[in-house]
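Here the structure comes first, spelled out in structure tokens, and everything after it is commentary.
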Amino acid sequence: MAELVFFSGTMDCGKSTLALQMDHNHAARGRTGLVFTRDDRAGTDRISSRLGLERVAREVHDETDFGDVVLREHAAGRPIDYLVCDEAQFYSPEQVEQLARLVDEMAVDVFAFGITADFRTRLFPGAARLIELADRVEVLQVRSLCWCGARATHNARTVDGVMVVEGEQVVVGDTGGAASIGYEVLCRRHHMRRMTASGARARTEHGATVLL
Ligand SMILES: Nc1ncnc2c1ncn2[C@@H]1O[C@H](COP(=O)(O)OP(=O)(O)O)[C@@H](O)[C@H]1O
Ligand SMILES: Cc1cn([C@H]2C[C@H](O)[C@@H](COP(=O)(O)O)O2)c(=O)[nH]c1=O
């Protein structure tokens, strides 16, 4: 039976790598799939993994209708067995509903990958709909870690190195880079205390106690 599976985790926990591996494994067994993404850090029409893998993908736009895309492929003699959908937090709730209908009505497997919550710990609308509709939500097994060593569960945004909790929900960016707007994964405790690695380092250097 076809499934809608949402593979989720913080930023930098291996989702895009797994998306590329899933596509590789299914294609290797002769299944026909389509690979989608939206606003990948590496640019449009591609999925990139921090492990160095990158491949061409179909860019999802506001007007993309997954049902239409799959029907068009079908009409052209290419029945689709599965979809790989990266950065799925950026899809609209309606697009997630289209994915669920493809599973139920056309027996297409849908493997969606994305973060659940933004830098304010609020669910992205697309991720919320995936959690509501998925047959399974799988949390990736590779743990990304907070600077304190605990499992990272939340995504923080930094502006010029300082953690912020207000701003636009969507700003494409990376962890650990030199860009003005960046991201860092934290455990809940340090997200709620707004304490990033550099914040903790600065406190230690000034002789203050850092609560682990
Ligand atoms: N140089 C490296 N050596 C080994 N593993 C790495 C290296 N760089 C990144 N990784 C792995 O890649 C993961 C990030 O993979 P990626 O697919 O880009 O994550 P996501 O899509 O979840 O943001 C990291 O958690 C880490 O395990
Ligand atoms: C937390 C958060 C993240 N984003 C963006 C930043 C990245 O471009 C993607 C996540 O990609 P990854 O492959 O999981 O690292 O999402 C955002 O726009 N808003 C946020 O709050």
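Ligands are counted one by one from 1 in listed order, and the atoms in each one are counted from 1 as well.
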Does ligand 2 come near enough to [X] that some N or O of the ligand is less than 3.5 Å from an N or O of the residue?
| X | value |
| --- | --- |
| V171 | yes |
| A117 | no |
| D118 | no |
| N155 | no |

For T17, counting its heavy atoms only, list the atoms of ligand 1 lying under 4.0 Å from any of them.
-> 15 (O), 16 (P), 17 (O)
Within 4.0 Å of some non-hydrogen atom of K15, the atoms of ligand 1 are 17 (O), 19 (O), 20 (P), 21 (O), 22 (O), 23 (O)
Pick whichever of L51, L145, N155 has a heavy atom sitting closest to atom 6 (C) of ligand 1.
-> L51
Quick one: look up the protein heavy atom nearest atom 19 (N) of ligand 2 and list residue, atom name and how far away it is.
-> Q169 O, 2.7 Å
side-chain contact (heavy atoms from CB on, under 4.5 Å) between L34 and V84, worked out = CA-CA 6 Å; L34 298 176; V84 167; over 6 Å; no
May I have the step-by-step check of side-chain contact (heavy atoms from CB on, under 4.5 Å) for D109 and L83, ending in yes or no?
-> CA-CA 6 Å; D109 279 314; L83 303 184; over 6 Å; no
For ligand 1, find out whether one of its N or O atoms is nearer than 3.5 Å to an N or O atom of V142.
-> no
Please check if the distance between the ring centroids of F119 and H154 is under 6.0 Å.
-> no
Please confirm whether R50 comes under 4.0 Å of ligand 2, counting heavy atoms of the residue only.
-> yes
